[in-house]
Undergrad: 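The following block contains the structure, expressed as structure tokens.
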Amino acid sequence: MKHLFLPILVFITINIYAQNHELKVIDINRGTSHSHASEFKVIDDRLYFFANDDHGKRSLYSIDKTDSVTRHTHLNTRIVSNTPPYVSNRIAKLNDIIYFAAEDSAREEELYALKPNGDVSLAKNINTSPYWYRSSWPSNMIPYNGKLYLIAYKPNGYQLYEYNPVTDSIRTLSDSTSLRIGIDAQLKVYKDRLYFFGYEDVGGLFTYDLTLDNYWHISRDSLGTSIPFFNSIIHDDKIIYTQLKSMRYSTGPWTYRYSPNYTRFEMYDGTGAPTVLTNFDTTIVPRAGIAIYHDKLCYVQELPTASNLIFYDFQTQTTSSVPIPFNHQDIVQLTEHNGNIYFISGPTLNRTVSKYDGVGFTKIDLNIKNSEYITKFNGYLYFTGLYFGKGHELIRYKEVPASVHVIDNKIQVTVYPNPTSDVTHIQFNLNKSKTLQIILTDIQGRIVYKSDKTLYSASIHTVDVPMRNLTNGTYTYSVLNEENITISTGTLQKL
């Protein structure tokens, strides 16, 4: 299969300069209303991802540091994507070749290769089963010592594989008769060994020694059945991971009942037994992810009516918590970037990106909905979302730390006093006339103040926003232009 590897030159970007951040919306494919970019992977100086093409199929794309978009796959290759955010590494690079998971015209998903000259071809048919169910769904791809390690499916379940591109051979490393591995195995290389999550009598973290050609279970405290949403990171030359436990009770022939899932964090330095960091707790949410924030372990605690960010201090071995004031349901993709914690949360059709800066929480932009993925690239934060009628696209985010900011390169905005107990003044400088409207929303997204749409002349203007009768707390202001596009936003504090 041959592809011309041509850059897509027709793409749209919308620059929105806000009071405390800059957004750039990148239309991946102009012929597609919703590109739904997903599964980001930074390789060299490019950000690779899967997205919808103009025929509604998933294709492999990338952007460079200027956000110029390149589409890499042929129309006859269909990428199977939109997998959950915790399923990682379906794109990897080994020996100048980009490997990725894709379907062919027969709808069988296997391992494909993108060569430096732009050619795309099947790299290896891992699942050679004669049965109709022949997809291997390769994931968790890790290049190491000239070979590609990955998790793939055969009729006996997901297993750990080693692919040697020199000999074009693949071998199974795990024992399919006793060990079960999920697609969310979180495969990692740490101290010359492979680490992954699996289930053999009990579930937990396993390691594979490539020298001894053998694997074993690191922690065996888990009970019951294999559980998804394991997570792991490598920090301070140690691997930190979630250990889960549940109990399965038989309630009749082929029927079972499960107790609540218990989660704790453990740390392993490659020798001896792992160190237990936290006690088993039913409220820890492994699927939310793990982040390191100011040298502390950050994770999510989910209560019946609220959620908290939890910070574990490695030095004092204590935890502290901060309540999340809005959209606390279904938190995923915890990401540290430039001293802040970002995450996606909220109900299915209203999932937004929020930020914790060590003091409080802020929604990135009220006009962005249905976010799914976050990544870091070239000093920016990139995430996906549906932006105010522009489709579900890739969005670049950058903090603008100054108190006065340029908007559309023509407007300056200053807000004072903040905090306030009475009135806040929003001042802006126009070099030509514009129609603007100011709205104020509470932490639930409800509008508590809305100005009339007003045509302002080219001059300095100050709008008074009354806050005296509002409940004490955090509010978000937005300045909208005549097309209802937010050109400035930020937070206000009522005392």
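These numbers were taken from a predicted model, which means no experiment stands behind them.
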Undergrad: Could you give the distance from CD (E372) to CZ (F383), rounded to the nearest 0.5 Å?
TA: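 One finds 12.5 Å between CD of E372 and CZ of F383.
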
Undergrad: Please tell me whether S174 and Q159 have a donor and an acceptor in their side chains that are separated by less than 3.5 angstrom.
TA: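 Indeed, the side chains of S174 and Q159 share at least one donor-acceptor pair under 3.5 Å.
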
Undergrad: Answer yes when D96 and K115 have at least one side-chain N-carboxylate O distance shorter than 4.0 Å, and no when they do not.
TA: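 Salt bridge flag = no for K115 with D96.
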
Undergrad: Please verify the inter-ring angle class for Y293 with F311; under 30° counts as parallel, over 60° as perpendicular, anything in between as tilted.
TA: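 Rings of Y293 and F311: tilted, as their planes differ by 30° to 60°.
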
Undergrad: Please answer whether the main-chain N or O of L122 pairs with a side-chain N or O of E110 as donor and acceptor at a distance below 3.5 Å.
TA: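 A pair under 3.5 Å: no.
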
Undergrad: When rounded to the nearest 0.5 angstrom, what is the spacing between CZ in R90 and CZ in F50?
TA: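 Separation between the atoms: 5.5 Å.
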
Undergrad: Is there side-chain contact between L60 and L114, with heavy atoms separated by less than 4.5 Å?
TA: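 Of all side-chain heavy-atom pairs linking L114 with L60, at least one is under 4.5 Å.
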
Undergrad: Look at R264 together with E266 and state whether they make a salt bridge at an N to O cut-off of under 4.0 Å.
TA: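 Yes.
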
Undergrad: Determine yes or no for a side-chain-to-main-chain donor-acceptor pair under 3.5 angstrom, with T70 supplying the side chain and S62 the backbone.
TA: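 Checked: no pair found.
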
Undergrad: Compute the ring centroids of Y48 and H72, then answer whether they are less than 6.0 Å apart.
TA: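 Y48 vs H72: aromatic centres under 6.0 Å.
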
Undergrad: Could you check whether any side-chain heavy atom of N231 comes within less than 4.5 Å of a side-chain heavy atom of Q186, counting everything from C-beta outward?
TA: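 With C-beta onward as the side chain, the pair touches.
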
Undergrad: Please lay out, stage by stage, how Y163 and D168 fare under the test side-chain hydrogen bond (donor to acceptor under 3.5 Å, both in side chains).
TA: CA-CA 7 Å; Y163 172 62; D168 191 31; 3.1 Å; yes

Undergrad: Are N340 and N338 close enough that a side-chain donor and a side-chain acceptor fall under 3.5 Å?
TA: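 No, because no side-chain N or O of N340 sits under 3.5 Å from a partner of the opposite role on N338.
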
Undergrad: Anything under 30° is parallel, anything over 60° is perpendicular, the rest tilted; go ahead and classify Y382 against F377.
TA: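 Aromatic pair Y382/F377 classed tilted.
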
Undergrad: In Å and rounded to the nearest 0.5 Å, what is the OG1 to CZ distance from T263 to F265?
TA: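 One finds 7.5 Å between OG1 of T263 and CZ of F265.
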
Undergrad: Less than 4.5 Å apart, side chain to side chain, heavy atoms only: is that true for N308 and I324?
TA: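 Of all side-chain heavy-atom pairs linking I324 with N308, none is under 4.5 Å.
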
Undergrad: Should the ring pair H34 and H36 be called parallel, tilted or perpendicular, given that the plane angle runs from 0 to 90° and is split at 30 and 60?
TA: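 The rings of H34 and H36 sit tilted, inter-plane angle from 30° to 60°.
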
Undergrad: So do the side chains of D45 and D64 get within less than 4.5 Å of each other, counting heavy atoms only?
TA: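 No; the side chains remain at least 4.5 Å from each other.
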
Undergrad: Go through the side-chain N and O atoms of S35 and E393 and say whether any donor and acceptor fall under 3.5 Å apart.
TA: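 Checked: S35/E393 side chains pair up, N/O donor to acceptor below 3.5 Å.
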
Undergrad: Any chance the side chains of H235 and D295 put a donor and an acceptor closer than 3.5 Å?
TA: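 Per modelled atom types, H235 and D295 side chains form a pair under 3.5 Å.
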
Undergrad: To the nearest 0.5 Å, tell me how far K147 NZ sits from S169 OG.
TA: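 If I round to the nearest 0.5 Å, the distance is 7.5 Å.
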
Undergrad: When you check the gap from the basic side-chain N to the acidic O, do D209 and K191 get nearer than 4.0 Å?
TA: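 Not counted as a salt bridge, because no side-chain N and carboxylate O are separated by less than 4.0 Å.
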
Undergrad: State whether D44 and K93 are salt-bridged, where the test is any N-O pair (Lys NZ or Arg NE/NH1/NH2 against Asp/Glu carboxylate O) under 4.0 Å.
TA: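 A salt bridge is present here (some side-chain N lies under 4.0 Å from a carboxylate O).
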
Undergrad: Angle between ring planes, F196 versus F206, binned at 30° and 60°: parallel, tilted or perpendicular?
TA: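 Ring orientation, 0 to 90° scale: parallel.
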
Undergrad: So, Y208 versus Y149, ring centres under 6.0 angstrom or not?
TA: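 For Y208 and Y149, the ring centres are not under 6.0 Å apart.
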
Undergrad: Using side-chain heavy atoms (C-beta onward) and a distance below 4.5 Å, is T352 in contact with I344?
TA: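 T352 does not reach I344 side chain to side chain.
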
Undergrad: Nearest 0.5 Å, please: how far is CG in D269 from CD1 in I240?
TA: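 One finds 11.5 Å between CD1 of I240 and CG of D269.
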
Undergrad: Between T66 and S68, is any side-chain donor less than 3.5 angstrom from a side-chain acceptor?
TA: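 Looking only at side-chain atoms, S68 and T66 do not form any donor-acceptor pair under 3.5 Å.
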
Undergrad: If we ignore hydrogens and angles and just use 3.5 Å, is the side chain of T335 paired with the main-chain N or O of K376 as donor and acceptor?
TA: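 No, because the side chain of T335 does not come within donor-acceptor range (under 3.5 Å) of the backbone of K376.
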
Undergrad: Could you tell me which non-hydrogen atom of T384 sits nearest to which non-hydrogen atom of S371, and how far apart they are?
TA: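 Closest pair (atom of T384, atom of S371, distance): O-OG, 2.8 Å.
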
Undergrad: What distance separates L394 CG from I28 CD1, expressed to the nearest 0.5 Å?
TA: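 Spacing of CG (L394) from CD1 (I28) equals 4.5 Å.
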
